[in-house]
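Note that the numbering runs from 1 along the sequence shown for the chain.
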Amino acid sequence: TWWRILVDCILMTGVLVGVRVRPWSQKKDGQKQGHVSVSMNGEGTVTVREDPGAKHTSVRSFKFDYTYDSTVGKIATVQEDSSTSPQDDASEDSGLDDTVMEHIQIFGDVGQGLVSDVLDGYNGSFISYGQTGSGKTFTMNGKPSANIHGLMQLAVLDLFARMPANTEVKVSFIEIYNDQVMDLLGPRKDGKDSSKGRPSVKLTVREHPIFGPFAEGKREVKAVNKEKVLELIELGQNNRHSSKTPLSPISSRGHTIFTLIITQTNGTASSLRFIDLSGTGQGDGTIASRKDKALQKKVTDPVLIAEGASINKSLATLGTVVHALSKAGKSKSKDPAGKHHIPYRESKLTWLLKASLGGNSRTVVLATISPSDRHFEETLDTLRWAERASKIQNKAIKHIKRGKKQISKEEILAAEAAAREQAEKEAEEARLEALRLEAEKLEAENLAREQELERQRLEKELEELRLRNEQEQRERELREQEMLRQIEEEKQRLEEAQRLEEEERRKAEEAERLRLEAERIAEEQERLRLEAERIAEEKERLRLEEELRQAEEEERLRQEAEAAAEKLRLEEQKLREEEEERKRLEEEMRIAEEKRLQEEERQRQLEEEARLKAEEEAKARRAEKARKRLEAMQAKEKARQEEEERQRIEAERQRLERIEQIRKEEAKRLEEERKAQRKAGEFLDSEAVVKQDFTFDLTKKLRKTKPEDLPAWCRPDNTSSDA
């Protein structure tokens, strides 16, 4: 027999997300477990700082529907060898009333509306998620031994107080342990009742074409009153798997799903589920903060290691599902047919949560985090997960039961065919998703190879550029050294001639520099004296203003204290908030004073840098003057050398002209003698006579001339044919 369901109303709704910070933990010696890294502004914003004591630190802010800060006035004592669940001891140290009131506030914000929706015919789900030891199970189940109700007990009490008479309530309680589904209310293998030991019967997950995934064979117990439901909750909590770990003495080792099935006389049928997820941060052998290595403790128990691996696998799949659902919610306009593949079936946990995440349910998520900076990474991961969950869109359907009747064979075959078609569709989507992921993987590998080749090419180019720069630098240094050597040699030649003049000039410049330096020092001392007087006056003014403000504040506080004596406990809470605001203002004034002093120090440094820069410019001007004088002297020396060379060349030219004139005169004389000899008939071989006489006379004349006064072609050491 199946229930026939009619759709009365379809409601598109987002997941409601709240964040709760557990109380502080400290050891028995009073040592606090780290520094505060989480802050809330009371308007849904959660801010996380990686290192609260550093000036520059990583800061992230998140916006949620509700935030609950349990750290105010609460400090939990923990054992030396393990970290207990902080809320367990915080409720004893800080008083039961605060914890009970806080649970009532959380239920009033997110639980009462969920119960109302369930009574109206919509399915409801409440999911707790967070790091191990952050208070998930305490928030959901409370502490019955201390008479502290969790959200499950408060929802049961509210449900039975508001539901109509003759409403039928059924209860089921299952656990996913090592990816196996256990019935916490079912019988054991030996057939005995589950109250006498933990059940060990493993259930199979099936998917109904209408109702979705379910645990086949789970026990549904009919509860006639709220006491029976509370008894079943306690029985299931006692039967669930738990162990002592480095982060908690009673750590849940599996995920639990507690379900209330409500059937009303008006035909409305709905369910309310409480999903208590096992804690994150249970790694493969190491369970502790990833930030503080000193806190890490090695787990050697193979059972704990196997459990942690199974928990991490299911939570990783849950993270993938939530991420895919959040992306599907943002891109719905681009994909109206909803063809995004959601990998629900990769784990039994996500398969059973298909209706709660992205399905037919009104869902509330409560993320629990630690306030300590030692758990910064785990806290940041939890808040990111919760932020993605807030983007999920569910489609809640209002159900009305039409009655019981036997389904016909044709309807059964049609339902089975629809189920097969859905399974084939999901298998095809999974295959296409696997092919897409493989293609993306290959593309990523190709891109990585191209990037590696590009990186190697760039490194080679950078190396060549570096070698060229080094070579150019060496050549530039050699040229500079050569120029410096030449300048030094020139300076040494000029120093001897200018020593007396330079000595006098240096003495005059040194005297002038000392005078200017003395004036500058005097001005600096006067400025420092005035600055010190100004600072002293400023400090005195601030001290007087502080005393006046403190006097006014004390007078105001005295008046408020007299008035507060007649007010209620809520008025006292308001006074505490005003005191915190005063402290914040004082802290802001202190920070402003520090900034002003830093600005003054920076101004003084700028003035000192300006003075040094002026001195460097004066030195540069003096060096420029010296360089110009040196260039002028070099120009004069060069002009003198050019004039001497010109004069020497002119004297040489004149000597050559005199020699040419003597040669012409001797040739004329010989010509006259030849003419006379012809006339006398005594002509000899003219060529031999000319050569002999000319050579004899020229040699006789040249012997009277100094060798250095002769031209190069007729010097004695010249062996050329011209000579």
Side-chain angles (χ1 to χ4, degrees), residues 15 17 123-132 134 136-137 140-141 152 172-186 199 201-208 211-218 236-237 239-243 251-259 271-284 304 306-326 341-361 363-368 381-382 384-386 388-389 392 394 426 430:
V15 175
V17 179
N123 293 334
S125 300
F126 202 109
I127 303 175
S128 64
Y129 181 91
Q131 182 191 4
T132 299
S134 60
K136 301 178 303 303
T137 303
M140 295 288 284
N141 189 52
M152 296 167 64
S172 67
F173 209 162
I174 62 174
E175 179 185 29
I176 298 97
Y177 173 72
N178 282 343
D179 208 30
Q180 299 293 332
V181 181
M182 306 287 186
D183 190 352
L184 298 179
L185 304 181
V201 178
K202 299 178 182 178
L203 305 179
T204 303
V205 179
R206 306 287 187 188
E207 184 163 359
H208 193 276
F211 301 107
F214 65 98
E216 186 179 36
K218 69 177 179 181
Q237 292 291 348
N239 288 336
R240 70 183 300 184
H241 290 78
S242 61
S243 301
S251 176
S252 302
R253 309 307 292 164
H255 317 288
T256 60
I257 302 177
F258 175 74
T259 306
S271 65
L272 178 59
R273 301 205 297 178
F274 293 87
I275 299 100
D276 183 14
L277 300 175
S278 184
T280 62
Q282 310 188 54
D284 52 352
L304 288 181
E307 292 173 347
S310 175
I311 292 171
N312 280 348
K313 180 180 178 182
S314 59
L315 290 179
T317 306
L318 177 62
T320 304
V321 169
V322 170
H323 183 65
L325 288 171
S326 64
H341 173 66
I342 310 300
Y344 286 113
R345 296 201 178 198
E346 290 189 5
S347 76
K348 294 182 179 179
L349 173 65
T350 53
W351 197 2
L352 290 171
L353 295 185
K354 183 176 181 180
S356 300
L357 296 174
N360 175 21
S361 176
T363 302
V364 175
V365 172
L366 183 65
T368 57
D381 289 345
T382 301
R384 286 171 176 166
W385 186 93
R388 296 190 193 101
I392 297 175
N394 287 359
E426 292 182 356

So, [X] side chain and [Y] main chain: donor-acceptor pair closer than 3.5 Å or not?
| X | Y | value |
| --- | --- | --- |
| K218 | F173 | no |
| N123 | S271 | yes |
| N394 | N360 | no |
| R240 | L184 | no |
| E175 | H241 | yes |

Which atom of [X] lies closest to which atom of [Y], heavy atoms considered:
| X | Y | value |
| --- | --- | --- |
| G279 | L315 | O-CD1, 4.0 Å |
| H341 | A324 | O-CB, 4.3 Å |
| D179 | I176 | CA-CG2, 4.0 Å |

Listed by chain and number, what are the side-chain hydrogen bond (donor to acceptor under 3.5 Å, both in side chains) partners of [X], not counting sequence neighbours?
| X | result |
| --- | --- |
| S125 | S356, S361 |
| N141 | Q153 |
| S310 | none |
| E346 | none |

Side chains of [X] and [Y] in contact at under 4.5 Å (non-hydrogen atoms):
| X | Y | result |
| --- | --- | --- |
| L318 | L277 | yes |
| T256 | M140 | no |
| I392 | V365 | no |
| W351 | E207 | yes |
| L353 | R273 | yes |
| T368 | T382 | no |
| K348 | Q180 | yes |
| F258 | L185 | no |

Could you tell me the separation between the [atom1] atom of [X] and the [atom2] atom of [Y], rounded to the nearest 0.5 Å?
| X | Y | atom1 | atom2 | value |
| --- | --- | --- | --- | --- |
| S172 | D183 | OG | CG | 7.5 Å |
| E216 | L203 | CD | CG | 9.0 Å |
| F274 | I127 | CZ | CD1 | 12.0 Å |

>> Tell me every residue that passes ring pair (Phe, Tyr, Trp, His ring centres under 6.0 Å) with F214, counting only those two or more places apart in sequence or in another chain.
In response: none

> In a check of side-chain contact (heavy atoms from CB on, under 4.5 Å) between L357 and each of I275, V322, I342, which one passes?
Replying inline: V322

>> Go through it in stages, so that I can follow the logic: the residues are L352 and I174, the test is side-chain contact (heavy atoms from CB on, under 4.5 Å), and I'd like the CA-CA distance, side-chain angles, deciding distance and then a yes or no.
In response: CA-CA 11 Å; L352 290 171; I174 62 174; 4.0 Å; yes

> After noting the C-alpha distance and the side-chain angles of V17 and V15, does the key distance pass the side-chain contact (heavy atoms from CB on, under 4.5 Å) rule?
Replying inline: CA-CA 6 Å; V17 179; V15 175; 4.2 Å; yes

>> Going by the rule side chain to side chain contact (heavy atoms under 4.5 Å, CB included), which residues pair with S314 if we only count those two or more places apart in sequence or in a different chain?
In response: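 Result, side chain to side chain contact (heavy atoms under 4.5 Å, CB included) vs S314: H255, L349.
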
